Protein chains: 2
Amino acid sequence: MTTSNETDTQRHRSTKQRAAVLAAVEGVHTHPSAEEVYRVVRKKIRNVSLATVYRNLHLLAEEGKIREVQFKGDSIRYDGMLEAHEHFYCTSCGAIEDLPSKLPATALSSLTNKLGVTIERYALDYYGLCKKCKSRKS
Amino acid sequence: MTTSNETDTQRHRSTKQRAAVLAAVEGVHTHPSAEEVYRVVRKKIRNVSLATVYRNLHLLAEEGKIREVQFKGDSIRYDGMLEAHEHFYCTSCGAIEDLPSKLPATALSSLTNKLGVTIERYALDYYGLCKKCKSRKS
DNA sequence: TTCCTTGCAAATCGTTTGCAAGCGC
DNA sequence: GCGCTTGCAAACGATTTGCAAGGAA
């Protein structure tokens, strides 16, 4: 047999585009969209294409180096924080705040047993108005 | 002053299209997409348009008669169950199961105070393989 | 040299909108 | 009759894909 296995027949090469995309997501806490990542990466690599940004975002998410998140009515956004956590999403300006994970691990196992399902992950998202938007509207 | 107020200047008329859309969402527990609602409504009203289905889905959601839900990577889907509850989403076939609400109300108020935000709602979504997909893949 | 990656442009998907005709109140 | 609603088709925004050239290993 070779050095590669069935689930890893294709090797990922290291390219400056890939590195720049990863750096762009890791460098902020704003949970940027693909478009926003694209704008940041373009500052380093002027002729990078949006398609390349999309491809690398997916690839990095598959590798587990970043995470994809999505809130109702918004586009997919990217998160460089890998530890389990929850989100607050502002329905007015789209700002996202990370929150420490609060869901007890027992909640997952009890569901696994009750429903006969396999749970890979969960998302606990709070929707509302952030501090700024709250005062702006009062 | 008149019988209408500032937030209710436009009246909603009752149309057979609107009624059929509502019935389609309320009639199933599958959390149908707009396209699926369209297919059901078409059986009653052959020449209904997809745009009308979309418009009525939004309108009914605004009125609070149905709810919109969205899971990562999937299109918006509709839920006729109005009581607070949580969801299990199968990442393989897209099936959704309703789960009783487990999140303690105290979680919301503590966040409200800590972050200085206003929380309107939350979504607690579990992702994984449903019973069928689980056995199908083993 | 191999074949993964890229940039570009076109395609796709879900959803929204403009418009003139239709219909509830 | 007024004006909300509809059906149709075109427009839209986000994301994906085909393809030939480019660049890691």
Side-chain angles (χ1 to χ4, degrees), chain A residues 2-4 7-25 31-63 65-78 94, chain B residues 2-4 7-25 31-63 65-78 94:
Chain A
T2 69
T3 52
S4 59
T7 60
D8 185 17
T9 44
Q10 63 181 15
R11 282 292 159 64
H12 293 155
R13 295 174 180 171
S14 84
T15 65
K16 61 180 178 182
Q17 288 88 344
R18 186 116 72 224
V21 168
L22 178 57
V25 175
H31 307 74
S33 65
E35 188 69 41
E36 290 164 340
V37 170
Y38 173 56
R39 271 187 239 125
V40 172
V41 172
R42 253 219 282 206
K43 291 179 186 169
K44 280 186 175 179
I45 309 171
R46 296 130 279 155
N47 70 323
V48 71
S49 88
L50 182 55
T52 293
V53 170
Y54 270 105
R55 280 186 286 235
N56 280 311
L57 285 170
H58 287 155
L59 197 147
L60 291 165
E62 268 177 34
E63 291 180 344
K65 293 180 179 166
I66 61 177
R67 283 171 54 180
E68 296 183 312
V69 295
Q70 184 170 28
F71 301 90
K72 191 164 72 69
D74 201 348
S75 54
I76 293 177
R77 294 170 62 170
Y78 295 87
Chain B
T2 69
T3 52
S4 60
T7 59
D8 186 17
T9 43
Q10 63 181 14
R11 284 290 160 65
H12 292 155
R13 294 175 181 171
S14 86
T15 65
K16 60 180 179 184
Q17 287 88 344
R18 186 116 73 225
V21 167
L22 178 57
V25 175
H31 306 75
S33 64
E35 188 70 42
E36 289 163 340
V37 170
Y38 173 55
R39 270 187 240 122
V40 172
V41 172
R42 252 220 281 207
K43 291 177 184 168
K44 280 187 175 178
I45 310 172
R46 298 141 264 153
N47 69 324
V48 71
S49 88
L50 182 54
T52 293
V53 169
Y54 270 105
R55 280 186 286 235
N56 280 310
L57 284 170
H58 287 155
L59 198 148
L60 291 165
E62 269 177 36
E63 291 181 344
K65 292 180 180 167
I66 62 177
R67 283 170 54 178
E68 296 183 311
V69 295
Q70 184 170 29
F71 302 90
K72 191 164 72 68
D74 201 348
S75 54
I76 294 177
R77 293 169 63 169
Y78 295 86

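None of these values were measured; they are calculated from a predicted model. Atoms considered below: every heavy atom in the structure, side chains included; atoms not considered: hydrogens, waters and symmetry mates. First the proteins, then the strands, lettered A, B, ... as listed; each starts at 1.
- When each of Ile45(A) and Ala34(B) is assigned the nucleotide of DNA chain C bearing its nearest heavy atom, the one mapping closer to the 5' terminus is Ile45(A).
- Here Thr52(A) reaches the OP1 or OP2 of dG7(C): one of its side-chain N or O atoms lies under 4.0 Å away.
- To the nearest angstrom, P of dT5(C) lies 15 Å from CG of Leu22(A).
- One interatomic measurement links the two molecules: CD of Glu63(B) to C1' of dT5(D), which rounds to 14 Å at whole-angstrom precision.
- Contact annotation: Asn47(A) side-chain N/O to dC8(C) OP1/OP2 distance is not under 4.0 Å.
- Two residues are said to be in side-chain contact when any heavy atoms from C-beta on lie closer than 4.5 Å; Asn56(B) and Val41(B) fail this criterion.
- Residues Val48(B) and Tyr38(B) are in side-chain contact: their nearest non-hydrogen atoms beyond the backbone lie under 4.5 Å apart.
- In this structure, the CG atom of Leu57(A) is 13 Å from the C1' atom of dA14(D), given to the nearest Å.
- The distance between atom CZ of Arg77(B) and atom P of dG14(C), rounded to the nearest whole Å, is 12 Å.
- Between Leu50(A) and Ser14(B), the residue whose closest nucleotide on DNA chain D is further toward the 5' end is Ser14(B).
- Protein atom NZ of Lys16(B) is 12 Å distant from nucleotide atom C1' of dG24(C), rounded to whole Å.
- Looking at Val37(B) and Val21(B), their side chains come closer than 4.5 Å, going by heavy atoms from C-beta outward.
- Put simply, CD on Glu36(B) is 11 Å from P on dT15(C), counting in whole angstrom units.
- Taking atom CZ of residue Arg46(B) and atom P of nucleotide dC8(D), one finds them 12 Å apart after rounding to whole Å.
- The phosphate of dG13(D) has neither OP1 nor OP2 within less than 4.0 Å of any side-chain N or O from Ser75(A).
- Counting atom types as modelled, Arg11(A) pairs no side-chain N or O with a base atom of dC4(C) as donor and acceptor under 3.5 Å.
- Of the side-chain N and O atoms in Tyr54(A), none sit less than 4.0 angstrom from OP1 or OP2 of dT16(D).
- Residue His12(B) has no polar side-chain atom (N or O) positioned under 4.0 Å from OP1 or OP2 of dG24(C).
- Evaluation of atom-type donor-acceptor distances gives no pair under 3.5 Å for the side chain of Arg18(B) against the base of dG24(C).
- Side-chain nitrogen and oxygen atoms of Gln17(A) include at least one within less than 4.0 Å of the OP1 or OP2 phosphate oxygen of dG7(C).
- Residue order along DNA chain C, read from the 5' end via each residue's closest nucleotide, puts His58(B) first among His58(B) and Arg13(B).
- Distances shown here put every side-chain N or O of Gln70(B) at or beyond 4.0 Å from the OP1 or OP2 atom of dG14(C).
- In terms of heavy-atom proximity, Leu59(B) sits nearest to Arg18(B) at CD1-NH1, 3.5 Å.
- Salt bridge annotation for Lys72(A)-Glu68(B): present, with a cationic side-chain nitrogen under 4.0 angstrom from a carboxylate oxygen.
- Spacing between atom CG of Leu60(B) and atom P of dT5(D) amounts to 11 Å, rounded to whole angstrom units.
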